[in-house]
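Proteins get letters first, then strands, A, B, ... in listed order; numbering begins at 1 in each. Bear in mind that the values here come from a model prediction, so they are computed numbers and not experimental data.
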Amino acid sequence: MLDPRLLRNDLARVAELLARRGVTLDTARFEQLEQERKRLQVEAQTLQTERNTRSKSIGKAKAAGEDIQPLLAEVADLGDRLKAAEQALADCQGEIESIALGLPNLPDDSVPDGRDEADNREERRWGEVPSFDFTPLDHVDLGARNGWMDFDLAAKVTGSRFVTLSGPMARLHRALIQFMLDVHTTEHGYTETYVPYLVNADSLYGTGQLPKFEEDLFKVPGERDLYLIPTAEVPVTNLARDCIFEADELPRRWVAHTPCFRSEAGSYGKDTRGMIRQHQFEKVELVQAVPEAESFAALEALTGHAESILQRLGLAYRVVTLCTGDLGFSSRKTYDLEVWLPGQQAYREISSCSNFGDFQARRLRARWRNPETGKPELLHTLNGSGLAIGRTLVAVLENYQLADGRVTVPEALRPYMGGLEVLG
RNA sequence: GGAGAGGUGCCGGAGUGGUCGAACGGGCUUGACUCGAAAUCAAGUGACUCGCUUGCGGGUCCGUGGGUUCGAAUCCCACCCUCUCCGCCA
């Protein structure tokens with residue numbers, strides 16, 4: 001959520017920045033609601049003051065043994081007027097809040113303007129795009145070998161956009177998870193964290209998936225509705241909800257491996273082949289909570305942590321800054337890491353590293369106590385995939401394939417594969 | 001699933017209708033004492049928010065949401081969560 005004070009005091013600038021994202025804010029309507037809010041709030045609070053003072057004097061009079069009937073008569077209609085005023089204020093504030101909850105974060109100045117991913121800005125490339133003296137297969141064909149990867153089986157068990165892995169392929173999948181967790185915990189200073197895969201609505205409001213993006217989620221109906229997590233970002237970032245951290249407890253760096261569940265509504269016909277876009281996939285997620293001053297340095301560091309995984313696996317990739325039109329709802333700046341996939345002859349997203357500023361923290365009431373002021377201040381939250389496991393598996397298969405369909409195991413993963421050098 | 005207990009400030013823990021944002025203890029901060037420290041003494045110590053604004057004055061918050069009342073931490077209703085015992089279970 002945006003800073004309500006900014007919305008009040010500099011609405012024109014907010015509207016201007018939102019326009020960069022292609023979002024139109026009805027400033028006239030908003031200003032009108034704000035004025036209304038102000039008027040109603042003063043009115044309601046005046047009535048509350050009156051009620052408080054009068055009730056107190058009734059209490060005193062009664063204690064003194066005086067007749068309170070005349071006093072009671074004086075306040076006869078106060079309750080009704082107060083109730084009406086409070087209701088009007090609540091309605092008005094509700095309306096303002098529903099607008100505010102629907103507004104995305106403001107893009108940082110360094111974010112390029114643009115409409116869609118075609119306008120993203122490439123920052124750098126790493127690694128050599130492999131060349132083959134044969135026509136490389138994609139991961140679906142490679143995985144079909146020996147029944148290691150089977151989409152039909154998964155379709156029978158569940159439906160489309162699921163996969164089953166078998167034998168060494170399943171082990172390679174697991175090896176990637178272990179490898180990534182080990183690197184981030186031992187070398188990058190993250191604390192390994194295990195979290196629930198079902199979350200309540202409050203958590204999803206906190207990180208911004210609700211109220212706007214419910215259709216992307218799998219909902220589990222029950223006495224109290226729960227949702228399957230679309231990313232570990234939700235449970236992990238919510239660890240900081242309603243917290244006030246001391247300065248020496250920061251920065252917080254969490255890493256968690258979780259499955260992720262996405263309904264992929266609206267992506268019909270997109271990436272229907274293979275493991276690129278599934279309803280269920282694994283991810284190792286990096287999450288940080290830091291003071292504002294460290295926010296942007298933390299984004300660079302976090303992106304570097306994710307990059308280091310690709311580098312150790314020897315996978316060519318590029319880093320792009322998402323343009324305003326491609327930026328996620330809660331993010332003010334995002335770097336995507338795109339890995340080279342020989343099967344598609346293209347760079348494809350494998351990690352998304354975002355700085356949310358205080359946008360999530362405000363919804364979460366995630367704060368820290370600034371020793372300089374002694375006051376609680378909103379934290380800045382960040383997260384990034386480090387990395388998406390399914391897509392990394394795809395990248396390893398396609399980039400390390402041999403002419404006969406076998407696959408070399410990247411050296412970094414061999415300790416996790418019992419020393420195995422070649423799959424197949 | 002059955003039975004019971006409970007959710008109060010950073011922590012422990014009082015408070016069962018009126019000056020309670022909340023006793024008391026601990027913690028923490030500051031000051032005094034001390035060469036220094038400990039002990040002791042004194043003062044201070046919640047969050048959020050509104051209006052005018054060096055400052056001042058309000059409001060809200062005692063699990064959450066409703067209700068009763070002039071007035072609710074205290075009474076009523078619903079829900080959530082935690083703990084104990086029994087059952088079931090990986």
**Prompt:** Are the aromatic ring centres of A:His279 and A:Phe218 under 6.0 angstrom apart?
**Reply:** yes
**Request:** Take the protein atom CG of A:Asp242 and the nucleotide atom P of B:U64, then report the distance between them rounded to whole Å.
**Result:** 11 Å
**Message:** Check this one for me: any side-chain N or O of A:Asn52 less than 4.0 Å away from OP1 or OP2 of B:U19?
**Reply:** no
Every protein N/O within reach of nucleotides 71-82 of chain B N/O, cut-off under 3.5 Å:
residue : atom : partner : partner atom : Å
B:G71   : O4'  : A:Ser55 : OG           : 3.0

Grab the N/O contacts between the protein and nucleotides 65-68 of chain B below 3.5 Å, and write none if there aren't any.
residue : atom : partner : partner atom : Å
B:U68   : OP2  : A:Lys83 : NZ           : 3.4

**Asked** Got a sec, which residues hit side chain to side chain donor-acceptor pair (under 3.5 Å) with A:Tyr205, two or more places apart in sequence or on another chain?
**Response** none
**Request:** Scan A:Glu338, A:Glu349, A:Gln311 and name whichever one has a side chain to side chain donor-acceptor pair (under 3.5 Å) with A:Tyr317.
**Result:** A:Gln311
**Item:** B:G17 versus B:G55 - spacing of their P atoms, nearest Å
**Value:** 42 Å
**Prompt:** Would a distance-only check, ignoring hydrogens and angles, find a side-chain to backbone donor-acceptor pair under 3.5 Å from A:Thr324 to A:Arg20?
**Reply:** yes
**Item:** Watson-Crick or G-U wobble partner of B:C79, both distances under 3.5 Å
**Value:** B:G63
**Asked** If you pin A:Leu78 and A:Arg369 to their nearest nucleotides in RNA chain B, which one's is more 5'?
**Response** A:Arg369
**Message:** I need the CD-C1' distance between A:Glu246 and B:G27, as an integer number of Å.
**Reply:** 12 Å
Could I get a table of every N or O pair under 3.5 Å where one atom is in the protein and the other is in nucleotides 48-57 of chain B?
residue : atom : partner  : partner atom : Å
B:C48   : OP1  : A:Arg367 : NH1          : 3.1
B:C50   : OP1  : A:Arg8   : NH1          : 2.3
B:C50   : OP1  : A:Arg8   : NH2          : 3.1
B:C50   : O4'  : A:Gln41  : NE2          : 3.3
B:C50   : O3'  : A:Arg37  : NH2          : 3.2

**Item:** P atoms of B:G59 and B:U19, separation to the nearest Å
**Value:** 14 Å
List the atom pairs, with distances to 0.1 Å, where a side-chain N or O of residues 240-247 of chain A and a protein N or O form a donor-acceptor pair under 3.5 Å, not counting sequence neighbours.
residue  : atom : partner  : partner atom : Å
A:Arg241 : NH1  : A:Ser203 : OG           : 3.0
A:Arg241 : NH1  : A:Asn238 : OD1          : 2.9
A:Asp242 : OD1  : A:Arg365 : NE           : 2.6
A:Asp242 : OD1  : A:Arg365 : NH2          : 3.3
A:Asp242 : OD2  : A:Arg365 : NH2          : 3.3

**Message:** Using ring centroids (six-membered ring only for Trp), state whether A:Tyr190 and A:His305 fall under 6.0 Å.
**Reply:** yes
**Prompt:** So which one's nearest nucleotide on RNA chain B is more toward 5', A:Val75 or A:Lys56?
**Reply:** A:Lys56
**Prompt:** For A:Leu71 and B:C70, what is the distance between atoms CG and P respectively, to the nearest whole Å?
**Reply:** 13 Å
Output side-chain donor-acceptor pairs under 3.5 Å for residues 142-154 of chain A, partner residues at least two apart or in another chain, one line each.
residue  : atom : partner  : partner atom : Å
A:Arg145 : NH1  : A:Asp404 : O            : 2.8
A:Asp150 : OD1  : A:Asp152 : N            : 2.9
A:Asp150 : OD1  : A:Leu153 : N            : 2.8

**Asked** Could you state the CD-C1' distance from A:Gln93 to B:C61, rounded to the nearest angstrom?
**Response** 14 Å
**Asked** Which residues satisfy the salt bridge (charged side-chain N to carboxylate O under 4.0 Å, His left out) test with A:Glu43, sequence neighbours excluded?
**Response** A:Arg39
**Prompt:** If you measure from the P atom in B:C62 to the same atom in B:G9, how many Å do you get, rounded?
**Reply:** 10 Å
Exercise answer: donor-acceptor pairs, residues 95-103 of chain A side-chain atoms, under 3.5 Å, sequence neighbours excluded:
residue : atom : partner : partner atom : Å
A:Glu95 : OE2  : A:Arg29 : NH2          : 2.1
A:Ser98 : OG   : A:Glu95 : O            : 3.0

**Item:** C1'-based separation of B:G21 from B:A47 [nearest Å]
**Value:** 11 Å
**Request:** Just name whichever nucleotide pairs with B:C85, Watson-Crick or G-U, keeping both distances under 3.5 Å, else none.
**Result:** B:G2
**Request:** Scan every strand shown for a Watson-Crick or G-U wobble partner of B:C70, both distances under 3.5 Å, and answer none if you come up empty.
**Result:** B:G18
**Request:** Tell which nucleotide pairs with B:A90, taking only Watson-Crick or G-U wobble pairs whose two distances are both under 3.5 angstrom.
**Result:** none
**Message:** Suppose we define a pair by two distances each less than 3.5 Å, Watson-Crick or G-U wobble; what does B:C41 pair with here?
**Reply:** B:G31
**Request:** Determine the Euclidean distance between corresponding P atoms of B:G25 and B:U64; express it in Å to zero decimal places.
**Result:** 27 Å
**Complete:** Separation of B:C70 atom C1' from A:Glu50 atom CD, nearest Å, is 12 Å
**Fill in**
Contacts of A:Arg121 meeting side chain to side chain donor-acceptor pair (under 3.5 Å) (sequence neighbours excluded), chain-then-number -> A:Glu123
**Message:** Between B:U60 and B:G65, how far apart are the two C1' atoms, rounded to whole Å?
**Reply:** 16 Å
**Item:** Partner residues of A:His173 under the ring-ring contact (aromatic ring centres under 6.0 Å, His included) criterion, sequence neighbours left out
**Value:** none
**Request:** For B:C11 versus B:G63, give the span between their P atoms, rounded off to a whole number of Å.
**Result:** 14 Å
**Complete:** Contacts of A:Arg348 meeting salt bridge (charged side-chain N to carboxylate O under 4.0 Å, His left out) (sequence neighbours excluded), chain-then-number -> A:Asp271
**Integer angstrom distance from the P of B:G4 to that of B:G13** = 24 Å
**Fill in**
Here the side-chain hydrogen bond (donor to acceptor under 3.5 Å, both in side chains) pairs for residues 407-416 of chain A, sequence neighbours left out, are A:Asp182-A:Tyr416
